[in-house]
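Working notes, beginning with the structure itself.
If you're wondering where the values come from, they're calculated on a predicted model, not measured in any experiment. For the numbers below, each heavy atom of this structure counts, side chains included, while hydrogens, waters and symmetry mates do not. Whatever order the structure lists ligands and atoms in, that order sets their numbers, starting from 1.
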Amino acid sequence: MNFDALFNEQLDALKAEGNYRYFAELERKAGKFPKAGRHTKDGVSDVTVWCSNDYLGMGQHPKVIEAMCEAVRRTGTGSGGTRNISGTNHDHLLLERELAGLHGKEAALLFTSGYVSNWAALSCLGARLKDCIILSDSGNHASMIEGIRHSRAHKVIWKHNDVADLEAKLKALPANAPKIVAFESVYSMDGDIAPIKAIVDVAEKYGAMTYLDEVHAVGMYGAHGGGVSERDGVADRITLIEGTLGKAFGVVGGYITGSGALCDFIRSFASGFIFTTALPPAVAAAARTSIAHLKVSEIERAQQRRQVARLRAALDRAGIPHMKNDSHIVPVLIKDPVKTRMLADYLMREWGIYVQPINYPTVPKGTERLRFTPSPLHTDADIDHLVAALTSLWKQCAIAHAVA
Ligand SMILES: *Cc1c(COP(=O)(O)O)cnc(C)c1O
(Lines give C-alpha, C1' and ligand atoms only; values in the text may rest on other atoms or scores of the structure.)
Protein backbone atom coordinates (compact mmCIF):
# COMPACT_ATOMS: atom_id res chain seq x y z
CA MET A 1 0.00 0.00 0.00
CA ASN A 2 1.31 3.47 -0.89
CA PHE A 3 0.70 5.35 2.32
CA ASP A 4 2.44 8.53 1.16
CA ALA A 5 -0.03 8.76 -1.72
CA LEU A 6 -2.88 8.58 0.82
CA PHE A 7 -1.25 11.31 2.89
CA ASN A 8 -0.57 13.50 -0.12
CA GLU A 9 -4.11 13.22 -1.41
CA GLN A 10 -5.43 14.92 1.71
CA LEU A 11 -2.57 17.41 1.88
CA ASP A 12 -3.25 18.42 -1.72
CA ALA A 13 -6.90 19.01 -0.90
CA LEU A 14 -5.82 21.26 1.97
CA LYS A 15 -3.53 23.20 -0.37
CA ALA A 16 -6.26 23.56 -2.99
CA GLU A 17 -8.62 25.20 -0.49
CA GLY A 18 -5.90 27.50 0.84
CA ASN A 19 -5.84 25.94 4.30
CA TYR A 20 -2.41 24.31 4.13
CA ARG A 21 -0.21 25.63 6.92
CA TYR A 22 3.24 27.05 6.37
CA PHE A 23 5.29 27.63 9.50
CA ALA A 24 7.59 30.60 9.81
CA GLU A 25 11.01 29.49 11.06
CA LEU A 26 11.78 32.08 13.69
CA GLU A 27 14.77 32.66 15.87
CA ARG A 28 13.69 34.53 18.96
CA LYS A 29 16.27 36.84 20.44
CA ALA A 30 16.19 37.47 24.18
CA GLY A 31 16.17 41.21 24.81
CA LYS A 32 14.92 42.07 21.32
CA PHE A 33 11.27 40.95 21.44
CA PRO A 34 9.10 41.54 19.41
CA LYS A 35 11.93 41.44 16.86
CA ALA A 36 13.12 38.02 15.73
CA GLY A 37 15.22 36.47 13.00
CA ARG A 38 13.42 34.58 10.25
CA HIS A 39 15.18 31.75 8.45
CA THR A 40 14.45 30.99 4.80
CA LYS A 41 16.43 29.27 2.07
CA ASP A 42 17.76 32.73 1.17
CA GLY A 43 19.18 33.42 4.63
CA VAL A 44 18.05 35.18 7.81
CA SER A 45 16.08 38.41 7.92
CA ASP A 46 14.70 40.54 10.75
CA VAL A 47 10.96 40.55 11.39
CA THR A 48 8.62 42.15 13.93
CA VAL A 49 6.39 39.50 15.44
CA TRP A 50 2.77 40.67 15.64
CA CYS A 51 1.06 37.41 16.56
CA SER A 52 2.90 36.13 19.62
CA ASN A 53 1.09 34.72 22.63
CA ASP A 54 4.06 35.78 24.78
CA TYR A 55 1.67 38.64 25.38
CA LEU A 56 3.77 40.63 27.82
CA GLY A 57 7.25 39.66 26.65
CA MET A 58 7.88 37.75 29.89
CA GLY A 59 9.75 35.08 27.92
CA GLN A 60 12.73 37.40 27.83
CA HIS A 61 12.35 39.06 31.23
CA PRO A 62 15.79 39.09 32.92
CA LYS A 63 14.39 37.77 36.21
CA VAL A 64 12.63 34.88 34.46
CA ILE A 65 15.70 33.99 32.40
CA GLU A 66 17.88 34.09 35.51
CA ALA A 67 15.44 31.91 37.47
CA MET A 68 15.56 29.27 34.75
CA CYS A 69 19.37 29.37 34.45
CA GLU A 70 19.81 29.25 38.22
CA ALA A 71 17.47 26.26 38.49
CA VAL A 72 19.19 24.40 35.65
CA ARG A 73 22.53 24.82 37.38
CA ARG A 74 21.02 23.77 40.71
CA THR A 75 18.84 20.84 39.57
CA GLY A 76 20.00 19.87 36.07
CA THR A 77 17.84 19.70 32.97
CA GLY A 78 15.01 17.20 33.39
CA SER A 79 12.72 16.29 36.27
CA GLY A 80 13.77 12.65 36.35
CA GLY A 81 10.40 10.99 36.06
CA THR A 82 6.64 11.16 36.23
CA ARG A 83 5.25 13.00 39.22
CA ASN A 84 4.54 9.63 40.86
CA ILE A 85 7.92 8.01 40.23
CA SER A 86 10.69 10.37 41.40
CA GLY A 87 9.67 13.33 39.19
CA THR A 88 8.06 15.53 41.85
CA ASN A 89 10.56 18.24 42.65
CA HIS A 90 10.46 20.97 45.26
CA ASP A 91 10.17 23.59 42.47
CA HIS A 92 6.92 21.97 41.27
CA LEU A 93 5.37 22.28 44.70
CA LEU A 94 6.50 25.87 45.11
CA LEU A 95 4.90 26.65 41.75
CA GLU A 96 1.65 24.88 42.64
CA ARG A 97 1.44 26.93 45.85
CA GLU A 98 2.06 30.11 43.86
CA LEU A 99 -0.73 29.16 41.41
CA ALA A 100 -3.20 28.31 44.16
CA GLY A 101 -2.44 31.70 45.69
CA LEU A 102 -2.83 33.48 42.36
CA HIS A 103 -6.43 32.28 42.05
CA GLY A 104 -7.26 32.19 45.76
CA LYS A 105 -7.77 28.42 45.73
CA GLU A 106 -6.75 25.67 48.15
CA ALA A 107 -4.67 23.75 45.65
CA ALA A 108 -3.22 23.61 42.17
CA LEU A 109 -1.95 20.88 39.90
CA LEU A 110 0.65 21.25 37.14
CA PHE A 111 0.55 19.67 33.68
CA THR A 112 2.97 19.66 30.79
CA SER A 113 0.81 22.12 28.83
CA GLY A 114 -2.50 23.94 28.96
CA TYR A 115 -3.80 21.59 26.30
CA VAL A 116 -2.97 18.58 28.45
CA SER A 117 -4.48 20.19 31.55
CA ASN A 118 -7.84 20.72 29.81
CA TRP A 119 -7.78 17.35 28.13
CA ALA A 120 -6.81 15.46 31.27
CA ALA A 121 -9.04 17.29 33.74
CA LEU A 122 -12.20 17.23 31.62
CA SER A 123 -11.64 13.61 30.54
CA CYS A 124 -11.21 12.58 34.14
CA LEU A 125 -14.17 14.54 35.54
CA GLY A 126 -16.54 13.53 32.75
CA ALA A 127 -15.57 9.87 32.91
CA ARG A 128 -15.44 9.45 36.69
CA LEU A 129 -18.45 11.44 37.87
CA LYS A 130 -21.35 9.07 37.39
CA ASP A 131 -24.03 10.34 34.95
CA CYS A 132 -22.07 13.57 34.50
CA ILE A 133 -23.30 16.06 31.90
CA ILE A 134 -20.89 18.64 30.48
CA LEU A 135 -22.33 21.90 29.17
CA SER A 136 -19.76 23.30 26.78
CA ASP A 137 -19.70 26.80 25.24
CA SER A 138 -19.79 26.45 21.44
CA GLY A 139 -16.60 28.54 21.17
CA ASN A 140 -14.51 26.33 23.43
CA HIS A 141 -10.91 25.45 22.56
CA ALA A 142 -9.97 22.13 20.94
CA SER A 143 -8.30 20.93 24.15
CA MET A 144 -11.60 21.16 26.04
CA ILE A 145 -13.59 19.61 23.21
CA GLU A 146 -11.19 16.67 22.97
CA GLY A 147 -11.21 16.17 26.74
CA ILE A 148 -15.00 16.14 26.84
CA ARG A 149 -15.17 13.76 23.89
CA HIS A 150 -12.67 11.41 25.47
CA SER A 151 -14.63 11.38 28.74
CA ARG A 152 -17.68 9.96 26.88
CA ALA A 153 -19.85 12.01 29.20
CA HIS A 154 -23.11 13.35 27.85
CA LYS A 155 -22.34 16.70 26.22
CA VAL A 156 -24.63 19.68 25.69
CA ILE A 157 -23.37 22.61 23.63
CA TRP A 158 -24.73 26.05 24.51
CA LYS A 159 -24.61 29.13 22.31
CA HIS A 160 -21.41 31.10 22.67
CA ASN A 161 -21.54 33.48 25.66
CA ASP A 162 -25.35 33.17 25.71
CA VAL A 163 -26.46 32.91 29.33
CA ALA A 164 -30.16 32.54 28.46
CA ASP A 165 -29.38 29.55 26.25
CA LEU A 166 -27.20 28.06 28.99
CA GLU A 167 -30.02 28.44 31.49
CA ALA A 168 -32.58 26.87 29.13
CA LYS A 169 -30.27 23.90 28.64
CA LEU A 170 -29.51 23.52 32.35
CA LYS A 171 -33.20 23.67 33.19
CA ALA A 172 -33.99 20.81 30.80
CA LEU A 173 -31.51 18.42 32.45
CA PRO A 174 -32.22 16.01 35.33
CA ALA A 175 -31.86 17.95 38.60
CA ASN A 176 -29.80 15.32 40.37
CA ALA A 177 -27.17 14.63 37.66
CA PRO A 178 -23.73 16.18 38.24
CA LYS A 179 -23.25 19.01 35.72
CA ILE A 180 -20.16 20.90 34.60
CA VAL A 181 -20.39 24.25 32.82
CA ALA A 182 -17.18 24.57 30.77
CA PHE A 183 -16.17 27.88 29.22
CA GLU A 184 -13.35 30.37 28.67
CA SER A 185 -12.85 33.93 29.86
CA VAL A 186 -11.11 35.50 26.84
CA TYR A 187 -11.84 33.76 23.54
CA SER A 188 -8.63 34.14 21.66
CA MET A 189 -9.77 34.36 18.06
CA ASP A 190 -12.52 37.00 18.39
CA GLY A 191 -11.06 38.45 21.59
CA ASP A 192 -14.47 38.59 23.25
CA ILE A 193 -14.90 38.07 26.99
CA ALA A 194 -17.42 35.82 28.73
CA PRO A 195 -20.03 37.27 31.11
CA ILE A 196 -18.50 35.20 33.90
CA LYS A 197 -20.63 36.46 36.76
CA ALA A 198 -23.90 35.80 34.93
CA ILE A 199 -22.70 32.34 33.94
CA VAL A 200 -21.76 31.52 37.53
CA ASP A 201 -25.11 32.82 38.79
CA VAL A 202 -26.93 30.42 36.48
CA ALA A 203 -24.59 27.50 37.14
CA GLU A 204 -25.03 27.91 40.90
CA LYS A 205 -28.80 28.13 40.54
CA TYR A 206 -28.79 24.66 38.97
CA GLY A 207 -26.09 23.20 41.20
CA ALA A 208 -23.54 22.88 38.37
CA MET A 209 -19.81 23.17 38.87
CA THR A 210 -17.95 25.75 36.77
CA TYR A 211 -14.84 24.99 34.72
CA LEU A 212 -13.13 28.14 33.46
CA ASP A 213 -10.24 28.28 30.97
CA GLU A 214 -8.34 31.52 31.71
CA VAL A 215 -5.47 30.72 29.35
CA HIS A 216 -5.64 34.03 27.47
CA ALA A 217 -6.20 36.10 30.59
CA VAL A 218 -3.80 34.91 33.29
CA GLY A 219 -1.04 37.42 33.89
CA MET A 220 -3.01 40.10 32.05
CA TYR A 221 -6.31 40.75 33.79
CA GLY A 222 -7.04 41.37 37.46
CA ALA A 223 -4.93 43.36 39.90
CA HIS A 224 -2.54 40.41 40.37
CA GLY A 225 -2.85 38.79 36.95
CA GLY A 226 -5.38 36.26 38.23
CA GLY A 227 -7.43 36.62 35.04
CA VAL A 228 -10.88 37.98 34.25
CA SER A 229 -12.35 36.04 37.17
CA GLU A 230 -10.11 38.09 39.49
CA ARG A 231 -10.95 41.34 37.69
CA ASP A 232 -14.68 40.61 37.99
CA GLY A 233 -14.39 39.52 41.64
CA VAL A 234 -15.82 36.05 41.03
CA ALA A 235 -12.78 33.74 41.23
CA ASP A 236 -13.93 32.33 44.58
CA ARG A 237 -17.18 31.18 42.96
CA ILE A 238 -15.50 29.25 40.11
CA THR A 239 -15.01 25.57 40.94
CA LEU A 240 -11.99 25.02 38.70
CA ILE A 241 -9.76 27.62 37.04
CA GLU A 242 -7.42 26.35 34.32
CA GLY A 243 -4.49 28.27 32.87
CA THR A 244 -1.25 28.12 30.94
CA LEU A 245 2.31 29.06 31.78
CA GLY A 246 3.13 29.34 28.07
CA LYS A 247 1.36 32.54 27.05
CA ALA A 248 1.53 35.70 29.19
CA PHE A 249 3.84 33.97 31.69
CA GLY A 250 6.27 33.31 28.85
CA VAL A 251 7.41 29.78 29.75
CA VAL A 252 5.55 26.48 29.16
CA GLY A 253 3.14 24.24 31.07
CA GLY A 254 -0.47 24.19 32.18
CA TYR A 255 -2.40 23.91 35.41
CA ILE A 256 -5.69 23.66 37.19
CA THR A 257 -6.63 25.20 40.53
CA GLY A 258 -9.53 24.43 42.84
CA SER A 259 -10.35 22.75 46.12
CA GLY A 260 -7.91 20.33 47.72
CA ALA A 261 -10.27 17.44 47.03
CA LEU A 262 -10.73 18.39 43.37
CA CYS A 263 -7.00 18.61 42.70
CA ASP A 264 -6.34 15.42 44.63
CA PHE A 265 -9.02 13.69 42.54
CA ILE A 266 -7.43 14.75 39.23
CA ARG A 267 -3.95 13.95 40.57
CA SER A 268 -5.10 10.46 41.49
CA PHE A 269 -7.18 9.55 38.44
CA ALA A 270 -6.19 11.63 35.37
CA SER A 271 -4.07 9.64 32.97
CA GLY A 272 -2.76 12.84 31.31
CA PHE A 273 -1.33 13.86 34.66
CA ILE A 274 -0.04 10.49 35.80
CA PHE A 275 1.68 8.89 32.82
CA THR A 276 4.03 11.59 31.61
CA THR A 277 7.36 12.99 32.72
CA ALA A 278 7.02 16.04 34.95
CA LEU A 279 8.13 19.43 33.62
CA PRO A 280 11.78 20.31 34.24
CA PRO A 281 12.18 22.00 37.64
CA ALA A 282 13.83 24.92 35.82
CA VAL A 283 10.61 25.51 33.86
CA ALA A 284 8.68 25.53 37.14
CA ALA A 285 11.16 27.97 38.70
CA ALA A 286 10.98 30.32 35.72
CA ALA A 287 7.18 30.20 35.65
CA ARG A 288 6.95 30.90 39.38
CA THR A 289 9.22 33.92 39.00
CA SER A 290 7.12 35.24 36.13
CA ILE A 291 3.86 34.78 38.05
CA ALA A 292 5.29 36.36 41.20
CA HIS A 293 6.52 39.32 39.15
CA LEU A 294 3.19 39.90 37.45
CA LYS A 295 1.35 39.60 40.77
CA VAL A 296 2.92 42.84 41.91
CA SER A 297 3.95 44.63 38.72
CA GLU A 298 1.30 46.59 36.84
CA ILE A 299 3.71 48.22 34.33
CA GLU A 300 3.47 45.46 31.73
CA ARG A 301 -0.32 45.29 31.83
CA ALA A 302 -0.70 49.09 31.70
CA GLN A 303 1.72 49.45 28.80
CA GLN A 304 0.01 46.61 26.92
CA ARG A 305 -3.39 48.28 27.30
CA ARG A 306 -1.87 51.51 26.02
CA GLN A 307 -0.39 49.85 22.91
CA VAL A 308 -3.58 47.92 22.20
CA ALA A 309 -5.60 51.14 22.36
CA ARG A 310 -3.02 52.90 20.21
CA LEU A 311 -3.16 50.23 17.50
CA ARG A 312 -6.96 50.27 17.47
CA ALA A 313 -7.08 54.06 17.18
CA ALA A 314 -4.52 54.04 14.35
CA LEU A 315 -6.48 51.36 12.47
CA ASP A 316 -9.65 53.42 12.88
CA ARG A 317 -7.92 56.52 11.50
CA ALA A 318 -6.67 54.50 8.54
CA GLY A 319 -10.14 53.07 7.88
CA ILE A 320 -9.03 49.51 8.43
CA PRO A 321 -11.89 47.52 9.96
CA HIS A 322 -11.11 45.36 12.97
CA MET A 323 -13.30 43.40 15.33
CA LYS A 324 -14.35 45.36 18.38
CA ASN A 325 -13.83 43.62 21.71
CA ASP A 326 -12.74 44.38 25.28
CA SER A 327 -9.52 42.36 25.21
CA HIS A 328 -5.94 42.69 24.03
CA ILE A 329 -6.61 40.83 20.78
CA VAL A 330 -7.07 42.77 17.54
CA PRO A 331 -8.52 40.59 14.76
CA VAL A 332 -8.81 41.91 11.21
CA LEU A 333 -11.27 39.75 9.26
CA ILE A 334 -10.38 38.90 5.67
CA LYS A 335 -12.93 36.08 5.22
CA ASP A 336 -10.99 34.12 2.62
CA PRO A 337 -8.10 31.72 3.26
CA VAL A 338 -6.21 32.48 0.04
CA LYS A 339 -6.44 36.26 0.47
CA THR A 340 -5.43 36.03 4.12
CA ARG A 341 -2.33 34.07 3.21
CA MET A 342 -1.52 36.47 0.38
CA LEU A 343 -1.72 39.47 2.70
CA ALA A 344 0.40 37.79 5.36
CA ASP A 345 3.03 36.79 2.76
CA TYR A 346 3.17 40.33 1.47
CA LEU A 347 3.52 41.83 4.97
CA MET A 348 6.37 39.47 5.71
CA ARG A 349 8.16 39.90 2.40
CA GLU A 350 7.79 43.64 1.84
CA TRP A 351 7.51 45.00 5.37
CA GLY A 352 9.20 42.52 7.69
CA ILE A 353 5.94 42.10 9.58
CA TYR A 354 5.08 38.62 10.76
CA VAL A 355 1.41 37.91 11.36
CA GLN A 356 0.28 34.33 10.88
CA PRO A 357 -2.85 33.86 8.76
CA ILE A 358 -5.54 32.29 10.93
CA ASN A 359 -7.60 29.77 9.04
CA TYR A 360 -9.75 26.67 9.43
CA PRO A 361 -9.96 24.70 11.71
CA THR A 362 -8.70 27.32 14.19
CA VAL A 363 -11.61 29.53 13.06
CA PRO A 364 -14.73 28.64 11.02
CA LYS A 365 -14.36 28.73 7.23
CA GLY A 366 -15.24 32.15 5.83
CA THR A 367 -13.93 33.95 8.93
CA GLU A 368 -10.22 33.76 8.09
CA ARG A 369 -8.32 36.63 9.60
CA LEU A 370 -5.12 38.33 10.64
CA ARG A 371 -4.87 38.47 14.42
CA PHE A 372 -2.64 41.10 15.99
CA THR A 373 -1.46 40.92 19.59
CA PRO A 374 0.24 44.17 20.62
CA SER A 375 2.57 43.73 23.58
CA PRO A 376 4.04 46.31 25.94
CA LEU A 377 7.25 45.95 23.94
CA HIS A 378 5.80 46.97 20.58
CA THR A 379 6.86 50.60 20.22
CA ASP A 380 4.77 53.43 18.82
CA ALA A 381 7.03 53.24 15.75
CA ASP A 382 6.24 49.51 15.37
CA ILE A 383 2.53 50.36 15.41
CA ASP A 384 2.93 53.16 12.86
CA HIS A 385 4.92 50.81 10.64
CA LEU A 386 2.22 48.14 10.83
CA VAL A 387 -0.59 50.56 10.06
CA ALA A 388 1.37 52.07 7.14
CA ALA A 389 1.84 48.57 5.74
CA LEU A 390 -1.83 47.68 6.10
CA THR A 391 -2.88 51.00 4.60
CA SER A 392 -0.76 50.38 1.50
CA LEU A 393 -2.11 46.86 1.24
CA TRP A 394 -5.70 47.97 1.59
CA LYS A 395 -5.18 50.43 -1.25
CA GLN A 396 -3.48 47.89 -3.49
CA CYS A 397 -5.87 45.06 -2.96
CA ALA A 398 -8.95 47.27 -2.97
CA ILE A 399 -10.42 45.16 -0.24
CA ALA A 400 -13.79 46.59 0.70
CA HIS A 401 -13.25 48.84 3.68
CA ALA A 402 -16.35 47.50 5.30
CA VAL A 403 -15.49 43.80 5.44
CA ALA A 404 -16.05 43.69 9.18
C1 LIG B 1 -3.45 27.81 23.85
C2 LIG B 1 -4.72 27.37 24.54
C3 LIG B 1 -4.74 26.26 25.39
C4 LIG B 1 -3.57 25.36 25.50
O5 LIG B 1 -2.55 25.91 26.27
P6 LIG B 1 -1.04 25.46 25.95
O7 LIG B 1 -0.32 25.75 27.20
O8 LIG B 1 -0.61 26.25 24.77
O9 LIG B 1 -1.09 23.99 25.63
C10 LIG B 1 -5.87 26.00 26.12
N11 LIG B 1 -6.98 26.76 26.01
C12 LIG B 1 -7.01 27.80 25.15
C13 LIG B 1 -8.25 28.61 25.07
C14 LIG B 1 -5.89 28.13 24.38
O15 LIG B 1 -5.95 29.13 23.51
Give me the nearest non-hydrogen protein atom to [atom] as residue plus atom name, then the distance to 0.1 Å.
atom	result
atom 4 (C) of ligand 1	Y115 N, 3.3 Å
atom 11 (N) of ligand 1	D213 OD2, 2.7 Å
atom 2 (C) of ligand 1	K247 NZ, 2.5 Å
atom 15 (O) of ligand 1	H216 NE2, 2.4 Å
atom 6 (P) of ligand 1	G114 N, 3.4 Å

One thing to verify: whether [Y] and [X] come together as a salt bridge, which I'm taking to mean a side-chain N less than 4.0 angstrom from a carboxylate O.
X	Y	result
E298	R305	yes
E66	K63	no
E368	K339	no
K324	D316	yes
D46	K32	no
D201	K205	no

Side-chain ([X]) to main-chain ([Y]) donor-acceptor, under 3.5 angstrom:
X	Y	value
R301	A223	yes
S290	A286	no
T88	R83	yes

Ignoring hydrogens, just give me the one of M189, H141, E214 whose non-hydrogen atom is nearest atom 12 (C) of ligand 1.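 Residue with the shortest heavy-atom distance to the ligand atom: H141.
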Using a 4.0 Å heavy-atom cut-off, which part of [X] comes near ligand 1: side chain, backbone, both, or neither?
X	value
N118	side chain
E184	side chain
E242	neither

Taking only heavy atoms of S143 into account, list the atoms of ligand 1 that are under 4.0 Å away from them.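 Result: 10 (C), 11 (N).
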Would you say S113 touches ligand 1, if touching means a heavy atom closer than 4.0 Å?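 Yes; S113 lies near enough to ligand 1 that a heavy-atom distance drops under 4.0 Å.
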Measure the distances from the heavy atoms of G254 to every atom of ligand 1 and state whether one is below 4.0 angstrom.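 Checking ligand 1 against G254, which is what was asked, there is no heavy-atom contact under 4.0 Å.
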Heteroatom distance test (T244, ligand 1): nitrogen or oxygen, under 3.5 angstrom: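 In this structure, T244 places an N or O atom under 3.5 Å from an N or O of ligand 1.
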